[in-house]
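See structure below.
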Amino acid sequence: ITERFDATFVEVERNFAQVIDTLFPGGRGRLRLVEPPAAVLVDDDGVADEPTPAIGPGEPGVELEVSPAGKQITRLAMLSGGEKALAAIAFLFAIMLARPCPFYVLDEVDAALDDTNVERFLSLVDRYREHAQFIVITHQKRTMEAADVLYGVTMANDGISKVVSRRLPRDRREAFDPAVV
Amino acid sequence: ITERFDATFVEVERNFAQVIDTLFPGGRGRLRLVEPPAAVLVDDDGVADEPTPAIGPGEPGVELEVSPAGKQITRLAMLSGGEKALAAIAFLFAIMLARPCPFYVLDEVDAALDDTNVERFLSLVDRYREHAQFIVITHQKRTMEAADVLYGVTMANDGISKVVSRRLPRDRREAFDPAVV
Amino acid sequence: MHLKTLRLRGFKSFAEPVELHFEPGVSVIVGPNGSGKSNVADGLQWAMASLSPTELRTQVAADVLFGGSVRRQASGFAEVEMVLDNEDGRFGSGRPEVSVMRRLRRDADTEYLLNRVPVRRLDVQEALADAGLGRELHAIVSQGRVDEILLSRPDDRRGFIEEAA
Amino acid sequence: MHLKTLRLRGFKSFAEPVELHFEPGVSVIVGPNGSGKSNVADGLQWAMASLSPTELRTQVAADVLFGGSVRRQASGFAEVEMVLDNEDGRFGSGRPEVSVMRRLRRDADTEYLLNRVPVRRLDVQEALADAGLGRELHAIVSQGRVDEILLSRPDDRRGFIEEAA
Ligand SMILES: Nc1ncnc2c1ncn2[C@@H]1O[C@H](COP(=O)(O)OP(=O)(O)OP(=O)(O)O)[C@@H](O)[C@H]1O
Ligand SMILES: Nc1ncnc2c1ncn2[C@@H]1O[C@H](COP(=O)(O)OP(=O)(O)OP(=O)(O)O)[C@@H](O)[C@H]1O
Ligand SMILES: [Mg+2]
Ligand SMILES: [Mg+2]
């Protein structure tokens, strides 16, 4: 099992660096195997020995590192709201490329993104549309224009949801008006 | 202290219903005083008596109820992402009207809102601009147009933030292009 | 393989039966705040045998049943069916499509059905894992929770990759 | 009373001194992802004597110091000053404006200053409460946390109203 994990890890790592290249041009991203928090070996009388770094309780975990262009390696916690969303999307796509699911549902993952990063996110979705089916829930107009098929969910004054759908031929994308669905 | 609380509560409750009217037209909103989780009185031998509802450990707490137009009274947890943001904004404004702070900083509170609700939020900010100073961080174009003064934060490839500001006279709002700040 | 059809009935705000037909490629779902978009995602989570109140945004299991509105009675029955296209034979068994369904009657037990035949929850989970829809693969990213994948602990992240191995 | 000026130096991504002049009415802050908008809000929280790692998005106190970039050394000193207009005399003491400042040198203690005179943290908190900037009044709503005000417990919400009483 470890062999398979190692092979997949290398593949996901390579994917991650590649996807980060699209989402953070000029930045860097990598995955690192980190030793599990070292188990502190306690000898018989309960006194803790020196923690032995290598033989923690389980397998090594996976640490993510992302540094946007021009910035030092950033702890994930110090990234901005939009940068965090992009880094998470990158990790999701890195795994998807190694083992695609039949479909993905992404519910307003673009909410924190500025216009430039919405475009980068959409270029990623467009590039990998053959790998998996994407179902994206959004309020961003640019994302609506990227749809092959658009579904409008409505609710009248009765608290009941209805759905209408419209196929958006590629050439008429620009003319789309979300209020009209 | 209870008297003052009671008077303020009545005021905040009235404000809340009024603000909900703007943010959820046709909907209803109210605040309710709820008894604190009743203290279960334990008699000497540790057997729990009937919980006495009225004399919980502290003062009654405040419960919020919001029902969008056409819907049953909704537990807050069942509201949608955008509805929750609106309900929270309503509560914040209800307290602000009772006791305004000198300024408010609202960091992307409009991120989950659709276009209609961004407009409702902005009409609220515009109506109460004499009550308090609002400093709003946003990516929504409509919100940018509502500014008296616009501040653009930029970061070159050196990881260092700079700020430029531009006064936006009321008549030139429409022509504003965020990319140019 | 891809998602072909999703049917919802009596589930959350879908008091009336609704059917969505999907195609491969990119589908985008839009609509006003509170109209029911995330309820579609919840319907998929529910059909995929989720029991998590956080993922389903419920407190008790019966919260998935249409709770009524000013104009309509509450519903006593919820059903969600997802139909996967199986032209690529990923699911084996020579069927052109595979149906995964979940039902709930108020005050009764949940029912799971695979190709309209009642099965145990475990059977659904195994079938989904075979189809590449195992829980760890994050096929559904809920609203406001895109960061979760980042904020998990290093050994959780290992789990995501192991699942993909 | 309103916020008149905010000065940041060596605080988070503000390695170079930056000054923002605000007016009453509606000010809007824009900029690309990661450019430093929320760091401005953090600067205000910090000047207002916050010690909360969640509010400040830090793990240790020194995380507020500019940590360096590929082109620039880390900073050893951070200072944030907020100047409140006091024309309406809300702050008493006949001053046209009031300054609240916080400083930190790496490996030294934090300093609080009121009108540029060193004071204790408690003095800053009391002055802010007098000015209507008490902690419970939620003057600063952080990114992604607008729902927090809703999700608090009923007795917390009572606290918000008591503070306003
Ligand atoms: N069991 C239920 N019965 C009836 N209505 C329900 C039920 N559960 C949720 N709802 C309603 O569904 C609505 C929320 O729908 P949902 O979260 O899908 O909205 P949304 O389209 O995603 O909106 P947003 O754009 O704000 O995220 C709520 O207003 C809620 O009242
Ligand atoms: N102590 C520090 N030293 C240097 N840079 C820092 C420090 N703390 C945070 N940063 C940087 O500041 C950036 C985040 O800034 P901030 O959160 O203000 O962005 P933002 O403009 O709000 O973006 P978004 O629109 O995505 O919310 C991060 O990229 C981070 O690297
Ligand atoms: Mg939603
Ligand atoms: Mg931000």
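Just so we're on the same page: letters track the sequence lines, and every chain starts at 1.
For D:F22, the parts sitting under 4.5 Å from any heavy atom of chain B are the backbone and the side chain alike. Only the backbone of D:P24 has a heavy atom closer than 4.5 Å to any heavy atom of chain B. Within the 4.5 angstrom heavy-atom criterion, only backbone atoms of D:E163 (N, CA, C, O) approach chain B. With a 4.5 angstrom heavy-atom cutoff, D:L84 touches chain B only via side-chain atoms. With a 4.5 Å cut-off on non-hydrogen atoms, B:L64 touches chain D through its backbone and its side chain both.
Here the side chains of B:T154 and D:S35 are not in contact, with every heavy-atom distance at 4.5 Å or above. Residues B:N157 and D:R71 have side chains in contact (heavy-atom distance under 4.5 Å, counting atoms from C-beta outward). Side-chain contact between B:V153 and D:V30: absent, with no pair of heavy atoms (C-beta onward) separated by less than 4.5 Å. Counting only heavy atoms from C-beta outward, the side chains of B:S165 and D:H21 never approach each other to under 4.5 Å. Residues B:Y151 and D:V28 fail the side-chain proximity criterion, which asks for heavy atoms closer than 4.5 Å.
Your options are B:V109, B:V125, B:T8, and the one with the most heavy-atom pairs under 4.5 Å with chain D is B:T8. The residue among D:G31, D:A131, D:G134, D:P154 with the most heavy atom pairs within less than 4.5 Å of chain B is D:P154. Counting heavy-atom pairs closer than 4.5 Å to chain D, the top-ranked of the candidates B:G159, B:S161, B:A94 is B:S161. Among B:P60, B:G81, B:A111, B:A132, the residue with the largest count of heavy-atom pairs under 4.5 Å with chain D is B:P60.
Of the inter-residue distances, the one linking B:E11 atom CD with D:I161 atom CD1 reads 10.5 Å to the nearest 0.5 angstrom. In this structure, OG on D:S27 lies 5.5 Å from CD on B:Q133, to the nearest 0.5 angstrom. Atom CZ of D:R157 and atom CD1 of B:I95 lie 10.0 Å apart (nearest 0.5 Å). Distance check: D:I140 CD1 to B:L106 CG gives 10.0 Å after rounding to the nearest 0.5 Å. Separation of atoms CD (D:E23) and CD1 (B:I135) is listed at 11.5 Å; rounding is to 0.5 Å. With values rounded to the nearest 0.5 angstrom, D:R158 atom CZ is found 14.0 Å from B:E63 atom CD.
Using a distance-only test at 3.5 Å, with no hydrogens or angles considered, no donor-acceptor pair links the side chain of B:D148 to the main chain of D:G25.
Contacts between residues 82-92 of chain B and chain D, counted as heavy-atom pairs separated by less than 4.5 Å, involve B:K84, B:A85, B:A87, B:A88, B:I89, B:F91, B:L92. Contacts between residues 96-104 of chain B and chain D, counted as heavy-atom pairs separated by less than 4.5 Å, involve B:R99, B:P100, B:C101, B:P102, B:F103, B:Y104.
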Q) Can you check side-chain contact (heavy atoms from CB on, under 4.5 Å) on B:I160 and D:F66, steps first, answer last? A) CA-CA 9 Å; B:I160 298 172; D:F66 175 69; 4.1 Å; yes
Q. When you look at B:V62 and D:F160, which way does the side-chain contact (heavy atoms from CB on, under 4.5 Å) test go after all the steps?
A. CA-CA 10 Å; B:V62 174; D:F160 306 159; over 6 Å; no
Q: Give the intermediate values and the outcome of side-chain contact (heavy atoms from CB on, under 4.5 Å) for residues B:E108 and D:V146.
A: CA-CA 9 Å; B:E108 303 201 23; D:V146 63; over 6 Å; no
Q: Go through the steps for D:I29 and B:V136 under the test side-chain contact (heavy atoms from CB on, under 4.5 Å), then give the verdict.
A: CA-CA 6 Å; D:I29 300 179; B:V136 182; over 6 Å; no
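Taking a 6.0 Å sphere around CG of D:D88, one finds it holds more than 12 heavy atoms contributed by other residues, nucleotides or ligands.
Between the side chains of D:S38 and B:D107, at least one donor-acceptor pair of N or O atoms lies under 3.5 Å.
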